[in-house]
Structure formats: structure tokens, C-alpha cells
Amino acid sequence: MEKQDLRYLKSLSNQYPTVAAAATEIINLQAILSLPKGTEHFITDIHGEYDQFLHVLKNGSGAIKRKIEDEFGNAISVAEKKAMATLIYYPEQKMEQVLKTEENIEDWYKVSLYRLIRICKSASSKYTRSKVRKALPKDFAYVIEELLTGRPDLSDQEAYYNEIIHSVIGTGRAAELVIAFCNLIRRLVVDHLHVVGDIFDRGPYPNLVMDTLMAYHSVDIQWGNHDVMWMGAAAGNQACICNVIRISAKYGNLNLLEDSYGINLVPLARLAMNYYDKDPCECFKLDYREDEYDVRDAMLDEKMHKAIAIIQFKLEGQLIKSHPEYKMDERLLLDKIDIKQGTVTVEGVNYPLRDTAFPTIDWENPYALSPEEADVMERLTMAFINCEKLQRQIRFLFTQGSLYKVYNGNLLYHGCVPLNEDGTFARVEVFGKTYAGKELYDVLEHYARKGYYSIDLEEKKKGLDTLWFIWENQNSPVFGKDKMTTFERYFIADKKTHEEPKNPYYRLLDREDIVNAILEEFGLSGSEAHIINGHIPVEAKRGESPIKCNGKLLIIDGGFSKAYQTKTGIAGYTLVYNSYGLLLAAHEPFESVDKAVQEGSDIVSHTVLVQHVVRRKTVADTDVGNALKETIKDLEALLCAYREGELIEKINMD
């Protein structure tokens, strides 16, 4: 045996000091490999829609209902199954309703607890007892473990089992136990969550979405372009800060920045009133929700909207001019304005401007910030960098997130792999070198992390600029369009200038050779490998399908964001990957938590079987299983070393 191998086995022997310990662990790990794989849940493009996100998270895109149906079938009524599902989704709220309306609450507790125990036993059956034990709530760990492992059908245990439930009710703890069981069921039904990008922007509560994800038991995130923009803002990129504030203003969400994150917008408001007080800001009307926005704020918010947009165009122009390799010169539009004629030249064509009031622009140097604008940006930058809550959430995005992920034979990313028209990987220059395919993702992520973490000022500057590049550049994998026509949408009436042509990737999705080449680029192959993709809303009402290339590629952005739902006709796609295969769920809009609790209403979901596996998937078929197999090999080598005398057992003589 080589010295290096023996040194490793000596280290391993500290954990497994005897033949018995090593053998027991091998037996344990081999048994785990035979268990069914855990259920994975895929969600994308949440865009701050907290209520809908939370409901889909709680119901596991129908996984809870399927578990109830599998356990009870026709043994209980449809109404009872619906009530049970609602209880599991929202136990605290449902308990409030039950306590007000139920005449015999003790009977209700007994029936509900027995049913919850059955569902929980079924949900926990695919896990080891050790894993289930770790998931148990601290206050009820002993009680729940006894109820899950007991056998009330055996006469010797029937009285013991029933007495536990009777005592819980008698001590006034039944409501808490019901809630504990419901939370545990949700925890066990979905083993792992994937968020395929765009948590932020448009909707009003991305902060609550982030808080929920940070408390979730097992999650990974593939960054979307809107996430990267917020990451850039938190790191101090001023162009990203402007985009965050502008989009928040556009959708009537400035209170998110002020109230939820404590970002002081008073300097921006003061600037807006000083320069745009008499400006009607017609081009900067807000796209707010009437039931969630105080219209008395609209006039000031519109002025702030315009003020920050002008600053954004200036700062982005500075970035474009300092990085000719970005190839974005056509996006330099402030210097193409003829203020006397009231026109702007875009790609060689003159267009009349809808708005000609630019009081802060120096036409000799249009991309320079005025002293007042520079002061506002300095204050805003410090506010973003020093916001503890925002920094905590963004660090979570960096630690749990990445631009792409290969997980259990699937490739997950938000936007696209940039392609040329002929389907080859586009080569993109990044700081003097060119990259394509997986290498492009890797180098961009490398610099993005430098933008947040690096203490070297030069490297940090490269990283900060890269974060903006990822947000907006035509070669960014998470943007995937030729240009972002923000300026045109504000200032030019001709909608032809608003178009944002997509990367050839989106026109080549049904070509199997292209999809296979992408999978191979990331180390995947075979009929069971899939690409799971977000970013581009699927227009279901026009008959567009999220299933591409005979099921090899799935685009699961269907419009969680209310801003997209008139276009898509639905309220989002989600995906479930359990031991039996892949299930795609198309959701109708969610009305409210109150209605879900009071009436038992649920998001209407239409589920499509994308792929049914020939053989039920086990832990052995997963990434965790591959790691366990490697551990088993190491333990077998340790056993061999013990038995051949190369290592001596460490037997405790106490």
C-alpha cells in the first residue's frame, strides 16, 4: 500500500477505530443506497411574489396532495382530504379556524393526529431513522418518534400509543403537536429545493422570499440576472444600485428599500424635487398595484424614478466606455441626443424624444455625474454596503448559489448558454482572454465572487464591473438578449426600438444535437439527463410548451410575477423530481392565504408527466449516493488494512 493511501486510512481509523466500527458503517451506508431518492422541487422566477411562492413551497407543487391521496385513497372524502391538505400547508391559521368552529375539539384532535401520523409515517419511510430524528422538532422529538415507530394495531402497544395522544390532549398541547406534525410532513415530503433564479424585482416582497429560503432545510440557488444585479448593488457597483432603485420605483416598491432594508432615499428625493419639481415625468409613470400602493406617493416616486434613471444611463455609459471589450458602444445614447431638435439617433436612425427635459446633463460631457448626483450616489452606495439585512441575504446568495449547478444528472441554469447562429458556443472576452461554454460560466462566477469578497482593490473593481456585465451584457449567460432597451422604452414611442432579440440559443432549443452538446459540455449525457431552465416566460396561452427537445430541456418560467401573467396566461411552472420521475406543474394564479384557509382553495395545478423512470430511483442513483459509494470503498480499504495487519485496531480498554 502506498504511503499516501496508508496516511489517509490512518486518519480514517480515528473515526472508525475497529473492524466492527468500519463494518457497521459499511452495512449502514449500503442500506442507505437502497432507499428511494428524495424528492427535489424546482422553482424559478419568483420575482418577489411571496404569497404565491410560499403556497407552492408549502404544497410541494402537489406533492402533499399526492401523499394524502396515496395514503387514504377513497377511505376519506374529497372534502376531508382538502381540509387535511390545507391543515398541512397552513397549520397555525387552520387551527385558529378549527378552534372557532369545531364543536368537539377533542375528537377533531384525535382524528387529525391519527391521520397526520399516517401521512408522516409514509413521508418518512424513504429516510433513515437518523435523518428523521434530526428533522424532529425539539419540543416534541420524543413524542413524535414514539408515535411514528409505535404499532397501535398490536394489542401490546395499543394502550400505550393511545395514551400518548390522550395525554397530549389532556395537557393542552394538542394544537402545538398538530402544528409540529404538519411542519415535519412538509419537511419530509420535499427533500431538497432548487431555485433557478430571479428572486428579486417586480413583486413587492423578495425580502420575505429570502428570509424563507434562508430558513429552509436544504436549498441551492442558480443566480438570475435580477439576483446578480442586487448582488452587484450590495457589493457597491453604482450602476447596479441605480438599476435596483429604478426598477423598485417603476413597480411602486420603493418602500421595500426604505422600510425593509432601511436604505435612506431622502438624498435622492431631494435631488428629484430640486431638478424635476415642475417636470410632469410622463414617461416615468409607475406600474403599481392599486391595492398595495399609496397613490399619494406617486408624484414624488415618478420624479425619483426619472432622477435615478438618468444617473443610471450616465454610470452605465462610463462602464461601457471603460470596457470596449464589452462591445456595447451602441448602447451609448446620451451623446446621440440632439437636444435642439428633440431627437436621438439609435443604430443610425433618428427618433423624436418623448421627453426633452434633462436638467442634470452637461451636453459637453453627457456621461459625467453632476456634483449633486455624485453626492447622492456616494450616500446610496454607503447605504447599500452598510445594510446588515441586505448583506446577510446577499451572502446567502453567494454561499448557496452559483451561475449553474449539475445535480443528480440534471443541469440547472437561469438564462442560456450563449451560442452563435450555427449552434457553436460563442466565445466571449473577459479581461483579455476568451471563454465559451462552461468555462465562460466559471470565469464570470469567479469574478462575481471577487466583486463581493476581494480585498484587493483592483481585483474587486474587476469583479464589480463583471457583476454589471452579467446583468446586462449581450454575452451574459443569465441575460441572453442582444440588448436591454431601457432607454428606448422610456424615451422613444416607436416600439420597434423596444425589441430585445434573444440569443440564438432560444431558436435552437429543439435541436437534439445542440442540447446534447450543452449537456456534454457540463459533463452529462444519456437519456435521463435534462436541462432545467428559467428566465424566459413561456407563453402558454399562445400554445407554447415548456417542454423542449423531446423532454430533454424544460423551461419552467411561466409567470410567477403578476407583471407577466397577462402575457403568459398562467402563474408559473414548477417541477418535481421524485423517485418515479419528473412531473411538471402549471399553476393558476393564487388568490390569498385567507381564502386558502377559509375555503380550502388551492392553486389549481395541471400536472404533466415529463419522464417516468423504468426503475424507481434510489439514493444509489444520486450525487449523494456516488459520494457514499466512495466512502464505502475507503471503509473497505480500511477493513482490509486492519485484517492484513497494516493498521492496528484502537480498542478502548476502559
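The analysis underlying the following values was restricted to heavy atoms, covering all of them including side chains, and did not include hydrogens, waters or symmetry mates.
- A side chain to side chain contact (heavy atoms under 4.5 Å, CB included) with Y413 is found for exactly one of V478, I518, V196, namely I518.
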Decide side chain to side chain contact (heavy atoms under 4.5 Å, CB included) for H414 and L403; before the verdict, give the C-alpha distance in whole Å, the side-chain angles of both, and the deciding distance to 0.1 Å. CA-CA 8 Å; H414 180 70; L403 278 175; over 6 Å; no

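- Remark: aromatic rings of Y453 and F398 are close, center separation under 6.0 Å.
- S61 contributes no side-chain N or O that, together with a main-chain N or O of A585, makes up a donor-acceptor pair within less than 3.5 Å.
- A donor-acceptor contact closer than 3.5 angstrom is absent between the side chains of N207 and Q393.
- In summary, the side chains of W230 and D201 do present a donor paired with an acceptor at a separation below 3.5 Å, with no hydrogens or angles considered.
- Counting only N and O atoms by type, the side chains of E500 and T485 include a donor and acceptor under 3.5 Å apart.
- Between the side chains of D220 and Q222, at least one donor-acceptor pair of N or O atoms lies under 3.5 Å.
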Check step by step if ring-ring contact (aromatic ring centres under 6.0 Å, His included) holds for F384 and Y261. CA-CA 9 Å; F384 272 79; Y261 291 112; 8.3 Å; no

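- For the residue pair H194 / Y577, no side-chain donor-acceptor distance below 3.5 Å is found, with atom types taken as modelled.
- Donor-acceptor pairing under 3.5 Å is recorded for the side chains of E325 and H323.
- Side-chain contact check for E439 versus F425: every heavy-atom pair is 4.5 Å or farther apart.
- Less than 6.0 angstrom separates the ring centroid of F469 from the ring centroid of Y326.
- Outside the 6.0 Å centre-distance limit, the rings of Y435 and Y441 are not counted as a close aromatic pair.
- If you look at Y251 and Y288, their ring centroids are not closer than 6.0 Å.
- The number of heavy atoms from other shown groups lying within 6.0 Å of NZ (K629) is above 12.
- Between L188 and A123, the closest heavy-atom pair is CB-CB, 3.9 Å.
- Of the N and O atoms on the side chains of E520 and S525, not one donor lies less than 3.5 Å from an acceptor on the other residue.
- For D51 and Y205, the side-chain atoms include no donor-acceptor pair closer than 3.5 Å.
- There is no side-chain donor-acceptor pair under 3.5 Å between D465 and Y447.
- Salt bridge annotation for K462-E459: present, with a cationic side-chain nitrogen under 4.0 angstrom from a carboxylate oxygen.
- Between the side chains of E316 and N243, at least one donor-acceptor pair of N or O atoms lies under 3.5 Å.
- R379 CZ: 12 or fewer foreign heavy atoms inside a 6.0 Å radius.
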Go through the steps to decide whether N516 and K552 satisfy the test side chain to side chain donor-acceptor pair (under 3.5 Å), and finish with yes or no. CA-CA 9 Å; N516 285 340; K552 282 205 163 189; 2.5 Å; yes

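- Using a distance-only test at 3.5 Å, with no hydrogens or angles considered, a donor-acceptor pair links the side chain of R186 to the main chain of I88.
- Note: H226 and H47 meet the aromatic proximity criterion, with ring centroids under 6.0 Å apart.
- With respect to E528 and K617, a salt bridge is recorded, a charged nitrogen being found less than 4.0 Å from a carboxylate O.
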Steps toward side chain to side chain donor-acceptor pair (under 3.5 Å) verdict (Y506, N533): CA-CA 11 Å; Y506 292 100; N533 204 162; 4.9 Å; no

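- Using a 4.0 Å cut-off between a side-chain N of Lys or Arg and a carboxylate O of Asp or Glu, D211 and K389 qualify as a salt bridge.
- Using a 3.5 Å distance cut-off with no hydrogens or angles, the side chains of N410 and H530 do pair a donor with an acceptor.
- Around the NZ atom of K134, the shell of radius 6.0 Å holds no more than 12 heavy atoms that belong to other residues, nucleotides or ligands.
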